A.B. asks: 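Take this structure, written in structure tokens, and hold onto it; I'll ask about it next.
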Amino acid sequence: MLEAVEKAGVFHGYLEDLAYTPKTLKAPGGNSEGRVGQGMWARSRETHSGPHSAWFWTKELSGGRRHRGYGLSLHRNRAEFHRQRHPPRRSDLLGRYASPSIEAEDHAVGLVRYENGAIGQFETSWTFRGGMDLRDEISGTDGTIWLNHWMRTGFEMFTSIGQGGYVAEKAEGDTGWLFPVGDEIGSLGYVEMFLDMFNSMDKGAGANGNFLRWLYR
């Protein structure tokens with residue numbers, strides 16, 4: 001798709017909502033201002049019980065190797081490890097656990113070593129039970145940032161009867177202890193993501209094609 005839109009001169013962009021969550025946008029501001037010093041290490045985790053639609057499990061439709069996007073985009077855009085002259089070195093470990101019969105991976109762990117020596121680690125999975133676990137950590141020479149986006153939302157409720165409807169993204173049940181979300185669209189970063197994309201469109205600036213090629217190679 002990237003090659004097609006570049007050849008046609010069509011505006012394109014990589015949309016990753018989790019790189020635009022309110023906590024993510026707030027925290028790295030301190031990092032970019034040097035409040036945690038030189039970034040040495042970043043770790044991202046996005047795990048849940050799997051996608052909503054069956055086509056995600058079909059390699060011919062999904063493309064496979066989709067499990068690295070969120071973590072690496074956060075490292076690049078928020079941990080500021082992207083200010084390098086050369087592409088970083090990456091090592092991926094992919095697996096099929098929840099549905100061994102499928103061809104597309106459902107679990108991935110990866111390590112990235114950047115030119116300045118910093119290490120990035122990502123873990124994404126469709127095999128985690130109990131909701132959606134979204135966490136990010138940035139470690140610098142003079143400070144640390146920890147982010148927990150989803151498992152505890154600040155809204156807790158217990159019901160033996162049942163919620164009787166939608167609870168939250170990737171929630172696996174509607175009885176017992178529940179953690180609903182007041183503003184899910186805002187909490188997951190969709191508003192800021194599309195605003196950034198539309199602003200880029202107005203400026204005539206497309207996405208970083210080199211990053212996309214490296215991400216999905």
Side-chain angles (χ1 to χ4, degrees), residues 15-27 41-59 61-75 78-79 92-112 120-139 144-193:
L15 283 77
E16 179 57 73
D17 61 296
L18 298 178
Y20 289 92
T21 66
K23 292 177 184 177
T24 302
L25 293 177
K26 176 70 175 179
W41 174 68
R43 179 168 66 179
S44 298
R45 172 180 169 88
E46 178 194 358
T47 63
H48 49 74
S49 59
H52 298 291
S53 301
W55 68 267
F56 278 92
W57 300 94
T58 304
K59 186 176 181 179
L61 299 178
S62 68
R65 293 184 176 268
R66 65 166 303 280
H67 281 272
R68 62 176 70 114
Y70 159 60
L72 293 181
S73 66
L74 179 122
H75 297 172
R78 306 306 175 195
D92 297 342
L93 178 63
L94 308 176
R96 300 193 300 269
Y97 301 103
S99 301
S101 60
I102 66 173
E103 294 185 4
E105 78 281 359
D106 57 24
H107 189 91
V109 176
L111 290 174
V112 181
Q121 174 185 339
F122 68 88
E123 177 186 6
T124 57
S125 179
W126 291 344
T127 64
F128 177 79
R129 304 306 302 270
M132 184 159 61
D133 187 10
L134 297 176
R135 285 180 281 166
D136 299 306
E137 301 176 31
I138 299 173
S139 179
T144 301
I145 297 173
W146 287 353
L147 303 176
N148 191 328
H149 298 286
W150 208 249
M151 284 296 286
R152 292 296 183 266
T153 64
F155 180 175
E156 302 184 16
M157 177 180 71
F158 180 87
T159 172
S160 59
I161 299 174
Q163 166 87 358
Y166 183 84
V167 178
E169 174 71 5
K170 298 299 188 295
E172 294 193 58
D174 68 348
T175 60
W177 278 108
L178 306 177
F179 305 95
V181 182
D183 177 17
E184 184 166 309
I185 294 177
S187 297
L188 282 175
Y190 286 105
V191 175
E192 295 297 330
M193 177 185 70

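Values in this document were obtained by computation on a predicted structure and should not be read as measured data. All values below were derived from every heavy atom in this structure, side-chain atoms included, with hydrogens, water molecules and symmetry-related copies excluded.
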A.B. asks: Rounded to the nearest 0.5 Å, what separates atom CZ in Arg43 from atom CG in Leu147?
C.D. replies: 12.5 Å
A.B. asks: Between atom CG of Leu15 and atom OH of Tyr20, what is the distance when rounded to the nearest 0.5 Å?
C.D. replies: 7.5 Å
A.B. asks: How many angstroms lie between atom OG1 of Thr124 and atom CG of Asp106, to the nearest 0.5 angstrom?
C.D. replies: 9.5 Å
A.B. asks: How close do Glu172 and Gly130 get, heavy atom to heavy atom, and via which atoms?
C.D. replies: OE2-N, 2.5 Å
A.B. asks: Does Asp17 have any side chain to side chain donor-acceptor pair (under 3.5 Å) partners at least two apart in sequence or in another chain, and if so, which?
C.D. replies: none
A.B. asks: Does Trp146 offer a backbone N or O that forms a donor-acceptor pair with the side chain of Glu137 under 3.5 Å?
C.D. replies: no
A.B. asks: Do you know the tightest heavy-atom contact between Phe179 and Ala168?
C.D. replies: O-CB, 4.0 Å
A.B. asks: Atom OG of Ser44 and atom CZ of Arg135: how far apart are they, to the nearest 0.5 Å?
C.D. replies: 11.0 Å
A.B. asks: Can you sort out the partners of Glu184 under salt bridge (charged side-chain N to carboxylate O under 4.0 Å, His left out), two or more places apart, ordered by chain and number?
C.D. replies: none
A.B. asks: When rounded to the nearest 0.5 angstrom, what is the spacing between OG in Ser49 and CZ in Phe128?
C.D. replies: 9.5 Å
A.B. asks: For Tyr190, does the OH atom sit with more than 12 other heavy atoms under 6.0 Å from it, leaving out its own atoms?
C.D. replies: no
A.B. asks: For a 4.5 angstrom cut-off between non-hydrogen side-chain atoms, does Glu123 reach His107?
C.D. replies: yes
A.B. asks: Between Leu178, Val181, Thr159, Thr175, which is the residue that forms a side-chain contact (heavy atoms from CB on, under 4.5 Å) with Val167?
C.D. replies: Leu178
A.B. asks: Using every non-hydrogen atom in the two residues, find where Pro22 and Gly186 come nearest and quote the distance to one decimal.
C.D. replies: CD-O, 3.4 Å
A.B. asks: Quick one: CD1 on Ile185 to CE on Met193, what's the gap to the nearest 0.5 Å?
C.D. replies: 10.5 Å
